[in-house]
Peer 1: 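Take this structure, written in structure tokens, and hold onto it; I'll ask about it next.
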Amino acid sequence: MASDISPSVAESPKAASAPKSARREAETAAFADAVLSGLARRPRSIPSRFLYDAVGSALFEDITRLEAYYPTRVETALLDRFGAEIAQHVNGADSLVEFGSGSSRKTSLLIEALDGLETYIPIDVSEEFLAEAAERLADKHPGLAVKPLVGDFMQARTLLDAPRGQKLGFFSGSTIGNLSHDEAKAFLVNAAHLLGPGGAFLIGVDLKKSLDILLPAYDDDEGVTAAFSLNMLARVNRELDGNFDTTRFAHQALYNEREGRIEIYLESLAAQKVQVLDRTFVFAEGERIHTENSHKYSVPEFQALASAARWQPVEAWTDDEDLFSLHLLRLA
Ligand code: AVJ
């Protein structure tokens, strides 16, 4: 994951406070590295985090509103239904630390359920989304101190200027599913450092389920997910002087039973050559670029992973159809 490293709030305070243009340049350089090395390797791959430029993030927002994409809808309903119960376990938390500035709707439901919360600390690599999310939340919850942090929470070891007191982490949307099991464990270990002794962590995790429900969520009839995936190639064209013909690649989502994950690929529909920066890449018909994994966990599977990262499972809430889970973890 070397190509995924970007300036962290804690370890590179200079980078974090650098002008926006400097950070964007660093991000483009990281994208160039990832694409050139990822297209040269077999199997070809580009890390999923590069799906989320401004266009990709807007398309992902569209995905979350699709009928077929149950995770957002069900997780929101779980927060609505179990917010008070969650609060009973974690009241006393002084600050809420959100990993990735998520949709303000989910965060607001949690904030409203928590009594005595003083500070909301969203962490995100994208300064734009962070600023937007921070503003929305500050408007909705007057009296709540909002202290956004720009940086890569996979890398950060401490929260700069974070207030003392009990912290509740929030990592929603099953974003943790993008990570391999080893990466997810490393993330949870890192989050334990960030949230500190007595800290708690609320994590949304997508459940294993029937393929009749799972597959359409990642390959909807309206083609929104396909557009989201293909934006990876469009972004290469925009930022890296690429000439991908996006009509000659197809979005493909399949479930890898052994790995317990959705895998997303872009499949070349013809034999073709593509230029990126000064390099040429030759694709055979049917050759694929792996762009994303979305791991699914049963409740006990995720609890075992959390325990291996020294988090104690406190409670897990699921919906009546067992589509999605909310896990509450605590540090000993
Ligand atoms: C943002 C990683 C949670 O895995 O469900 C949705 C990304 N990709 N459709 C997911 C995604 C295609 C999403 N996460």
Side-chain angles (χ1 to χ4, degrees), residues 1-41 44-63 98-103 121-135 148-160 171 173 175-176 178-180 183 186-187 190 194 227-244 246 264 266 274-279 281 289-293:
M1 290 267 292
S3 59
D4 275 1
I5 292 169
S6 66
S8 85
V9 183
E11 288 178 339
S12 310
K14 280 205 196 103
S17 61
K20 197 184 273 183
S21 60
R23 210 174 302 114
R24 189 167 292 153
E25 246 169 63
E27 173 66 2
T28 304
F31 185 43
D33 275 0
V35 169
L36 294 180
S37 63
L39 292 183
R41 113 169 46 95
R44 300 183 204 251
S45 65
I46 303 174
S48 58
R49 78 170 179 91
F50 293 108
L51 289 163
Y52 298 89
D53 65 346
V55 176
S57 297
L59 285 166
F60 182 68
E61 274 296 308
D62 295 342
I63 288 176
E98 181 161 23
F99 295 82
S101 47
S103 98
I121 307 173
I123 315 176
D124 202 291
V125 279
S126 161
E127 198 174 15
E128 282 122 297
F129 294 118
L130 195 57
E132 245 175 65
E135 206 180 298
L149 290 178
V150 185
D152 182 353
F153 53 71
M154 290 295 287
Q155 308 297 327
R157 293 301 282 192
T158 54
L159 297 173
L160 274 195
F171 195 29
T175 305
I176 198 163
N178 266 166
L179 306 178
S180 70
E183 289 164 349
F187 165 76
N190 197 34
L194 295 177
F228 169 74
S229 279
L230 285 161
N231 175 57
M232 185 76 97
L233 304 183
R235 182 177 179 185
V236 171
N237 292 348
R238 286 192 293 273
E239 293 183 23
L240 306 179
D241 196 23
N243 68 351
F244 275 103
T246 56
I264 296 179
L266 294 165
V274 178
Q275 217 92 4
V276 181
L277 293 171
D278 54 353
R279 302 259 289 274
F281 297 95
I289 307 168
H290 186 192
T291 54
E292 201 172 14
N293 290 320

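Every heavy atom of this structure was used, including side-chain atoms; hydrogens, water molecules and symmetry mates were not.
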Peer 1: Look up atom CG in Leu230 and atom CG in Leu51, then write down how far apart they are to the nearest 0.5 Å.
Peer 2: 10.5 Å
Peer 1: So, using side chain to side chain contact (heavy atoms under 4.5 Å, CB included) as the criterion, who are the partners of Ser229 when residues are at least two apart?
Peer 2: His251, Ile264, Leu266
Peer 1: Quick one: side chain to side chain donor-acceptor pair (under 3.5 Å) partners of Gln275, sequence neighbours excluded?
Peer 2: Thr280
Peer 1: Does the pair Arg238 and Val55 meet the rule for a side-chain contact (heavy atoms from CB on, under 4.5 Å), with working shown?
Peer 2: CA-CA 11 Å; Arg238 286 192 293 273; Val55 176; 3.8 Å; yes
Peer 1: Flag the pair Ile123 / Leu130 as yes when at least one side-chain heavy-atom distance between them is below 4.5 Å, and no otherwise.
Peer 2: no
Peer 1: Is it true that Glu239 and Arg24 have a side-chain N and a carboxylate O under 4.0 angstrom from each other?
Peer 2: no
Peer 1: Please give me the minimum heavy-atom distance between Ala227 and Leu59, naming the atom from each residue.
Peer 2: O-CD1, 3.7 Å
Peer 1: Among Phe31, Phe244, Tyr52, exactly one meets side chain to side chain contact (heavy atoms under 4.5 Å, CB included) together with Arg235. Which residue is that?
Peer 2: Phe31
Peer 1: Could you list the residues that satisfy side chain to side chain donor-acceptor pair (under 3.5 Å) with Asn243, not counting sequence neighbours?
Peer 2: none
Peer 1: Is there a donor-acceptor pair under 3.5 Å between the side chain of Asp53 and the backbone N or O of Gly56?
Peer 2: yes
Peer 1: What are the two closest heavy atoms between Ser48 and Glu292, and how far apart are they?
Peer 2: CB-CG, 3.6 Å
Peer 1: At what distance, to the nearest 0.5 angstrom, does OG of Ser57 lie from CD1 of Ile63?
Peer 2: 10.5 Å
Peer 1: For Val276, which of Asp241, Leu39, Leu233 qualifies under side chain to side chain contact (heavy atoms under 4.5 Å, CB included)?
Peer 2: Leu39
Peer 1: Over all heavy atoms of both residues, which pair between Arg49 and Ala30 is shortest? Give the atoms and the distance, please.
Peer 2: NH2-CB, 4.0 Å
Peer 1: When rounded to the nearest 0.5 angstrom, what distance separates CZ in Arg41 from CD1 in Ile46?
Peer 2: 9.5 Å
Peer 1: Minimum heavy-atom separation for Ala234 and Thr246, please, with both atom names.
Peer 2: N-CG2, 4.1 Å
Peer 1: Do the ring planes of Phe99 and Phe187 sit parallel (below 30°), tilted (30 to 60°) or perpendicular (above 60°)?
Peer 2: perpendicular
Peer 1: Tell me every residue that passes ring pair (Phe, Tyr, Trp, His ring centres under 6.0 Å) with Phe281, counting only those two or more places apart in sequence or in another chain.
Peer 2: none
Peer 1: Can you list the residues that meet the salt bridge (charged side-chain N to carboxylate O under 4.0 Å, His left out) rule with Glu132, with sequence neighbours excluded?
Peer 2: Arg136
Peer 1: List in chain and number order the residues that pass side chain to side chain donor-acceptor pair (under 3.5 Å) with Thr175, two or more places apart in sequence or in another chain; answer none if no residue qualifies.
Peer 2: none
Peer 1: Can you tell me how far CG of Asn231 sits from CZ of Phe60, rounded to the nearest 0.5 angstrom?
Peer 2: 13.5 Å
